[in-house]
Amino acid sequence: MISKGLLKREVAERLNINLKTVEAHCQFIYSQLNVHSVVELSSIICGAELSQD
């Protein structure tokens with residue numbers, strides 16, 4: 001949801017979870033993928049989708 005442009009607050013509301021939980025998951029994903037922004041994350045996801053085609 002984050003990579004599709006939703007704000008962390010919107011993700012939390014849609015999943016009915018705390019904003020801090022979303023932030024913690026984002027931080028974990030960013031550290032695992034060695035990215036620092038949603039733009040970098042989206043770039044990785046787009047690259048992966050293109051390589052599957």
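Atoms considered below: every heavy atom in the structure, side chains included; atoms not considered: hydrogens, waters and symmetry mates.
- For the side-chain contact (heavy atoms from CB on, under 4.5 Å) test, residues two or more places apart in sequence or in another chain that qualify with Glu10 are Leu6, Leu7.
- The backbone N or O of His36 lies less than 3.5 Å from a partner atom in the side chain of Glu40, making a donor-acceptor pair.
- Partners of Asn18 by side-chain contact (heavy atoms from CB on, under 4.5 Å), not counting sequence neighbours, listed by chain and number: Lys20, Thr21.
- Annotation: the span from His25 atom NE2 to Tyr30 atom OH amounts to 13.5 Å, rounded to 0.5 Å.
- Side chain of Ser3 to backbone of Ser42: no donor-acceptor contact under 3.5 angstrom is found.
- Side chains of Leu33 and Phe28 form no contact here, defined as non-hydrogen atoms less than 4.5 Å apart.
- No continuous path of ILVMFWY side-chain contacts below 4.5 Å connects Ile17 to Leu19, so the two sit in separate hydrophobic clusters.
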Checklist entry - Step by step, would you call Met1 with Leu15 a side chain to side chain contact (heavy atoms under 4.5 Å, CB included)? => result CA-CA 10 Å; Met1 290 181 196; Leu15 297 176; 3.7 Å; yes
